[in-house]
Amino acid sequence: MQGKILVVGSLNMDLVVNIARHPQIGETILGGKFYTFSGGKGANQAVAAARMGAAVAMIGRVGKDGFGDELRASADKDGIDTQYVIVDEREATGVALITVDAQGRNTIVVASGANFALTPQDLHTAKTAFANADVMVTQLESPLETIREALALAAQHNLRVVLNPAPAQPLSAELLSKVDYFIPNEREAMQVVGAETLESAVDQLLVMGVRNLIITLGEKGVMIVTPDGRKQIQAYPVKAIDTVAAGDAFVGAFATGLAEGMNMDESIQLGNVAAAISVTRQGAQPSLPMRKEINEFLGGQK
Ligand code: RIB
C-alpha cells in the first residue's frame, strides 16, 4: 500500500564547506571544497519519504530567486507535489550555512527567509492536501503559530502526526498532546523542556503527555519511550562521513512506514536503515536513499 504523507515545513539551500576541525570563536580557518545542496528539514523529510515510495505533498515557502527555483525543481524531480510551495515575493529563499568536519560532524546556521513567512492562512489555502494525507510530518523551521494550526488541521482530518522538534524550542503540553510521534535527538529532547539530563527530559515529556517518544541517538541508535516502558534499538554500524540530514532520513522513512500500515518498531527499522545509509554519503538530499537501497542493505545484513 502506498502511504500518503503531507510535510509542512522548510526548504533551504545548503551552503556547505568541509573542514578539518571547527573554528574557535574569533578564529579564521581555511576550509576545503564548497558545495551547494538542496536541504531544509521539511524538504529533506519530504524527499526521504518520496524516495521510500510514499506519495508526498509539501506546504512551504521559497523566495522568488534562483535558490527557490532550484529547490522547487529538485523537489519536483523527486515526485513531490509542490503545488502548495508558495513563491514569496518579499523574502529570500532560506539558506543554511553548514560546516562538516573530518569526523562527519556538522554545525548548521539557518537564515530562515521565506520559511518564516509561512502563515496559518497558507495551510487553509492548502486544505485539500490535509484531506488527501494519512500522516502529517512537521518540524520547527516554520513559525510556531503555523505549526500549531497544522496540528489543529491534522486533527480535524484524523491524520497521524509526526513532529521533529528541530531546531528545538520550549513547547507546551497542549501542543505536545496533539502529536502522535515525537522525534527529537538527545539535545533537542532536553531543550524542549529545559532539562539538564536526558533522563529528566524523558520524565518531563511523559508527564506532559507525549505518547510515543522516539529519541534519535546517532550511532547509539534510537530510544523508544511510551507510557508502557522504554527500550533502545541499536543503529546499524557504518562509517559516517557526513551526518547532515541523518535525522531527516530517519523521520521521512519512519513516516513512510507508518503511512504504509507498519507498526512503530517496523517503521523505526526503516528509519534506522535510511539514516545509516545517509551518513555514508555527502550532503542533505543527495544522501537520502531509495527504497531499493534499503532492501539491498537489509538483504546484506542477513
Ligand atoms: O537537518 C539538516 C537540515 O537542517 C539542512 O539541510 C539545513 O538546511 C537545515 O535545515
Side-chain angles (χ1 to χ4, degrees), residues 7-18 22 34-51 58-63 65-68 70-72 74-75 78 80 85 91-101 104-118 137-144 146-147 162-169 183-189 191 214-218 222 240-255 271 274-289:
V7 177
V8 177
S10 58
L11 304 96
N12 295 327
M13 188 56 80
D14 291 353
L15 310 183
V16 183
V17 186
N18 289 325
H22 293 286
F34 169 71
Y35 301 90
T36 57
F37 295 120
S38 298
K41 293 183 194 301
N44 295 344
Q45 293 171 18
V47 169
R51 291 189 189 163
M58 173 145 197
I59 304 178
R61 275 187 184 251
V62 293
D65 48 37
F67 284 165
E70 269 186 65
L71 291 173
R72 282 196 311 146
S74 72
D78 269 298
I80 293 165
V85 175
E91 300 290 339
T93 296
V95 164
L97 304 179
I98 301 182
T99 54
V100 181
D101 74 11
R105 298 171 305 186
N106 61 68
T107 66
I108 305 181
V109 178
V110 175
S112 300
N115 293 306
F116 257 69
L118 189 71
V137 177
T138 191
Q139 319 75 31
L140 299 179
E141 284 188 331
S142 309
L144 199 56
T146 305
I147 302 301
V162 177
L163 174 62
N164 170 223
Q169 60 174 288
I183 313 185
N185 65 22
E186 220 165 327
R187 180 190 296 257
E188 288 155 0
Q191 287 172 337
I214 301 168
I215 304 177
T216 54
L217 303 169
V222 175
I241 63 152
D242 179 351
T243 55
V244 173
D248 301 330
F250 179 90
V251 170
F254 171 80
I277 296 174
S278 80
V279 300
T280 65
R281 300 173 179 169
Q282 200 175 18
Q285 291 175 25
S287 73
L288 301 170

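All ligand and atom numbering here is 1-based and tracks the order in the structure.
Checking side-chain atoms of D101 against main-chain N and O of H22 turns up no donor-acceptor pair under 3.5 Å.
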Return a table of N or O atom pairs, ligand 1 on one side and protein on the other, at distances under 3.5 Å, rounded to 0.1 Å.
unit_1   : atom_1 : unit_2 : atom_2 : d
ligand 1 : 1 (O)  : K41    : NZ     : 2.9
ligand 1 : 1 (O)  : D248   : OD2    : 2.7
ligand 1 : 4 (O)  : K41    : NZ     : 3.1
ligand 1 : 6 (O)  : D14    : OD1    : 3.4
ligand 1 : 6 (O)  : D14    : OD2    : 2.6
ligand 1 : 6 (O)  : G40    : N      : 3.1
ligand 1 : 6 (O)  : N44    : ND2    : 3.0
ligand 1 : 8 (O)  : N12    : ND2    : 3.1
ligand 1 : 8 (O)  : D14    : OD1    : 2.6
ligand 1 : 8 (O)  : G40    : N      : 2.9
ligand 1 : 10 (O) : N12    : ND2    : 3.1
ligand 1 : 10 (O) : K41    : N      : 3.4
ligand 1 : 10 (O) : E141   : OE1    : 3.0
ligand 1 : 10 (O) : E141   : OE2    : 2.7

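Between the CD atom of Q169 and the CG atom of L144 there is a distance of 4.5 Å, given to the nearest 0.5 Å. Atom CD1 of I183 is separated from atom CZ of F254 by 4.5 Å, given to the nearest 0.5 angstrom. Atom OG1 of T99 is separated from atom CG of N106 by 7.0 Å, given to the nearest 0.5 angstrom.
Looking at F116 and V110, their side chains never come closer than 4.5 Å, going by heavy atoms from C-beta outward. Within the 4.5 Å cutoff, the side chain of E91 has no heavy atoms near those of the N115 side chain.
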